[in-house]
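Here is the structure we will look at.
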Amino acid sequence: MPNETSTDTILAQAEQAASDGKITASALENIRIWLSEPRYAEYADQVIEHIESGKWQELDDAFWTIIPFGTGGRRGRMYPIGSNAINDRTIGESAQGLANYVKQQAISEEQGSPVTNLSCAIAYDTRHRSEHFARLCAEVMLAAGFKIYFLQGHRSTPELSFTVRQKHCSCGIMVTASHNPPSDNAIKAYWSTGGQLLPPHDKGTIDNVMAVDKIERASFEAALAEGKIELCQDEMDEKFIAAVLQQQTPGPRDLKVVYSPLHGVGTTAVCPVLEQAGFQEVDLYGPQAEPDGDFPNVPGHVSNPENPVVFDAIAVYAKENNADIVLATDPDCDRIGCSAPMSTSADAPWRTINGNQIGALLADYVLESHGRPSPDNYIIITLVTTQLTRRIAESYGVKTYDDLLVGFKWIAGLIDEQGPDHFLFATEESHGYLAGQHVRDKDGALASLLLCELAAKLKAEGQTLHGKLESLFWQHGVHAERTVSVQMPGSQGMGRMQEVMQQFRTQPPQKLASHGVRQVRDYLGQTIRNADGFIQPLAGPCGDLVILDLDLEGNYIAIRPSGTEPKIKLYLFTYEPPEQLANLESASLKLEQRLDQMESDAKKFAGV
């Protein structure tokens with residue numbers, strides 16, 4: 001630690017910077033804490049260097065708040081110092097807080113008796129410093145008395161969930177920032193169910209994280225030699241792939257696939273699953289095959305299969321090589337994207353299939369493959385997932401749970417709550433899918449298997465994925481959706497996000513795309529307010545989500561702040577009932593134009 005005199009001098013410079021508006025008051029307070037409290041002593045020199053060099057923007061970004069837990073855990077930009085960055089301190093605090101909370105719960109369950117069987121599964125992706133952070137987490141959990149089941153070498157998030165369940169772990173940690181930019185990393189915390197933290201465990205863990213003073217660590221190498229760390233990747237690979245293959249359905253396998261892991265972990269999961277399922281023509285797309293945290297050969301260096309531009313170069317390659325389908329998974333292989341030809345013609349153009357559409361196609365395939373589903377069977381979607389999936393399930397006589405907030409953890413929790421034996425399928429618009437009971441998170445390898453089975457079946461019938469989607473539209477109505485992200489980074493971004501949400505919540509627009517706003521569903525305030533101002537209670541989950549229902553059935557917009565990134569997300573939904581369809585192309589064009597206008601009006605209203 002610097003001496004008191006030098007600390008006072010340095011803090012005076014920071015206070016002057018705050019007075020001059022170069023850093024926020026909250027950043028100044030967190031800087032003061034990091035310079036004065038012993039638990040941050042090892043970082044003091046770096047903080048001082050930043051102050052003396054006048055790196056005020058870097059300091060403000062790194063210290064203006066304390067990086068939170070959201071729907072996907074603790075995620076953010078890597079930076080060596082700062083309460084609002086991913087670094088050894090914030091990752092270490094996260095692991096320590098999780099360890100402390102899990103131990104508290106275990107002691108409570110044992111009514112105060114010593115707990116000796118605590119364990120934690122840990123895995124990591126291909127990002128920069130992911131292995132470093134994973135080993136750091138292992139050392140923290142070891143010091144707290146946990147046995148570690150460690151997946152050495154990059155592995156997928158669903159395999160981590162599987163390992164937690166297979167090894168009967170107390171908890172699990174996945175180091176990944178999913179599809180975020182190369183600058184980011186994150187820690188995802190899992191409970192003993194194999195699902196991400198749910199209430200009350202999420203708040204309990206967060207409270208413990210915030211209360212961490214000293215981070216205790218034990219040597220990784222020494223623990224490995226003593227048998228306190230078990231490297232179990234080979235065992236788990238085999239068992240995980242076998243579990244995914246339990247979901248396969250016999251049928252055609254004549255399909256030429258081009259697959260890209262987008263520089264992530266997907267080759268450890270998707271490739272062996274497809275090969276063992278009998279798909280012999282899987283072409284690994286070379287430019288994006290190498291694990292690399294810079295994601296060098298992905299447009300914009302963002303490996304997000306939700307983004308259609310990711311498929312541009314791969315689709316050209318696929319068409320040149322007479323492939324039938326392109327699949328791509330995100331860096332931790334829990335999400336999947338897809339591109340396919342519009343028809344069976346050799347010169348047919350290729351087009352991506354969005355997350356809602358993939359989910360609807362897979363739901364229909366799973367339900368059809370299931371034979372005669374029971375009324376006890378169910379599927380799960382979220383409040384921002386297309387209602388096409390619900391209408392498909394209704395046609396099979398299957399119940400849909402659709403009143404869930406964003407985040408696959410809520411889906412996982414509902415599976416355990418309702419009973420996994422009757423669960424058939426779950427989907428969310430952001431390209432996450434699950435069937436079976438092997439994990440409690442979305443699974444890109446499983447989704448790859450289902451998509452390839454469906455595409456091969458359709459190919460044998462002389463049809464394509466796009467053609468199948470059109471047949472679903474004829475049966476259930478045309479559904480067109482769009483997700484729009486508005487970035488709001490930095491210390492000013494959080495305040496702006498809150499302002500926008502409050503604006504939609506309390507003073508919503510009267511019209512969107514020339515159609516009246518019929519009612520406002522406020523899931524934070526738990527109210528429904530109609531256009532006349534009449535307010536009634538809203539039965540549903542509590543969260544920061546607002547939905548504006550238009551006076552056209554099935555047309556609405558949902559607005560929420562991202563739980564993992566500094567942005568507002570707008571979810572636009574349009575619908576044309578099947579009885580009103582005369583021409584699919586004209587109906588689709590009309591809905592796209594309506595989406596354009598809804599997006600424009602919503603952005604204009606929010607001032608973004």
Side-chain angles (χ1 to χ4, degrees), residues 354-356 381-388 402-406 428-430 477-489 492-563 565-577 580 587-608:
N354 68 38
N356 277 311
I381 64 176
T382 72
L383 284 161
V384 297
T385 303
T386 179
Q387 288 293 302
L388 173 58
D402 61 358
D403 202 15
L404 278 74
L405 296 173
V406 175
E428 57 180 1
E429 52 74 37
S430 54
V478 180
H479 296 68
E481 299 86 20
R482 183 180 300 172
T483 302
V484 180
S485 295
V486 180
Q487 298 290 334
M488 296 184 175
Q492 292 79 30
M494 181 61 70
R496 184 68 189 122
M497 286 166 61
Q498 293 171 348
E499 290 174 6
V500 170
M501 290 304 301
Q502 186 66 11
Q503 196 172 350
F504 275 106
R505 181 171 281 118
T506 60
Q507 296 177 308
Q510 295 181 346
K511 286 188 175 183
L512 288 170
S514 302
H515 291 281
V517 174
R518 177 172 56 87
Q519 65 178 18
V520 178
R521 287 181 272 163
D522 178 4
Y523 285 85
L524 189 62
Q526 298 279 278
T527 61
I528 301 175
R529 185 171 73 249
N530 67 20
D532 296 327
F534 177 74
I535 298 175
Q536 58 183 320
L538 171 64
C542 183
D544 199 355
L545 172 70
V546 176
I547 297 179
L548 311 183
D549 294 300
L550 305 189
D551 55 17
L552 282 175
E553 178 197 358
N555 290 257
Y556 54 98
I557 177 173
I559 310 100
R560 59 176 281 270
S562 171
E565 300 170 75
K567 63 185 180 185
I568 287 276
K569 299 189 80 170
L570 309 176
Y571 304 84
L572 317 177
F573 299 84
T574 58
Y575 171 60
E576 187 81 1
Q580 296 182 15
S588 297
L589 178 60
K590 180 173 73 172
L591 294 189
E592 284 299 318
Q593 291 172 342
R594 188 181 300 163
L595 286 170
D596 289 340
Q597 193 60 55
M598 287 171 68
E599 177 182 347
S600 175
D601 290 351
K603 284 182 172 179
K604 183 178 179 181
F605 174 80
V608 295

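As the structure is a computational prediction, the values presented were derived from the model and not from experiment. Hydrogens, waters and symmetry mates are skipped; everything else that's a heavy atom, side chains included, is used.
When all heavy atoms of P561 and M501 are compared, the pair lying nearest together is CD-SD, 3.7 Å. Nearest approach of G525 to D522, heavy atoms of both residues: N-OD1, 3.1 Å. When all heavy atoms of M598 and A513 are compared, the pair lying nearest together is CG-CB, 3.6 Å. Contact detail for A602 and F504: the closest heavy-atom pair is O-CZ, 3.8 Å.
One finds the CD atom of Q510 at 9.5 Å from the CZ atom of F605 (value rounded to the nearest 0.5 Å). Note that the CD atom of E481 and the CG atom of L591 stand 9.0 Å from one another [nearest 0.5 Å]. Rounded to the nearest 0.5 angstrom, D549 CG and H515 NE2 are separated by 14.0 Å. The line from CD1 of I528 to CZ of R521 is 7.0 Å long, rounded to the nearest 0.5 Å.
Side-chain contact check for D402 versus T385: every heavy-atom pair is 4.5 Å or farther apart. Contact check for S430 versus V384: no side-chain heavy atoms found under the 4.5 Å cut-off. Contact of the V500 side chain with the M488 side chain is registered, since non-hydrogen atoms from C-beta on lie closer than 4.5 Å. Between I568 and I559 there is a side-chain heavy-atom pair separated by less than 4.5 Å. Inter-residue side-chain proximity for L405 and T382 is flagged as unmet; no heavy-atom pair is nearer than 4.5 Å. Considering only heavy atoms from C-beta on, L383 stays 4.5 Å or farther from V406 through its side chain. Under the 4.5 Å side-chain criterion, counting only non-hydrogen atoms from C-beta, T386 is not in contact with E429. Proximity of R482 to E599: side-chain heavy atoms (C-beta onward) are separated by under 4.5 Å at one or more points.
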Do R594 and L552 pass the side chain to side chain contact (heavy atoms under 4.5 Å, CB included) test, and can you show the C-alpha distance, the side-chain angles, and the key distance before you say yes or no?
-> CA-CA 12 Å; R594 188 181 300 163; L552 282 175; 3.6 Å; yes
Derivation and outcome, side chain to side chain contact (heavy atoms under 4.5 Å, CB included), residues L550 and V517 | CA-CA 4 Å; L550 305 189; V517 174; 4.0 Å; yes
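Among residues at least two apart or in separate chains, side-chain hydrogen bond (donor to acceptor under 3.5 Å, both in side chains) pairs with a member in residues 526-547 are R505-D544.
A side-chain hydrogen bond (donor to acceptor under 3.5 Å, both in side chains) with D601 is found for one member of Q597, K603, K604 and no other, namely Q597.
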Exercise answer: donor-acceptor pairs, residues 570-577 side-chain atoms, under 3.5 Å, sequence neighbours excluded:
{"unit_1": "Y571", "atom_1": "OH", "unit_2": "R560", "atom_2": "NH1", "d": "2.7"}
{"unit_1": "T574", "atom_1": "OG1", "unit_2": "A480", "atom_2": "O", "d": "2.8"}
{"unit_1": "E576", "atom_1": "OE1", "unit_2": "K590", "atom_2": "NZ", "d": "3.3"}
{"unit_1": "E576", "atom_1": "OE2", "unit_2": "K590", "atom_2": "NZ", "d": "3.1"}

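Under a cut-off of 6.0 angstrom, the local environment of CD in Q580 is crowded, with over 12 non-hydrogen atoms contributed by other residues, nucleotides or ligands.
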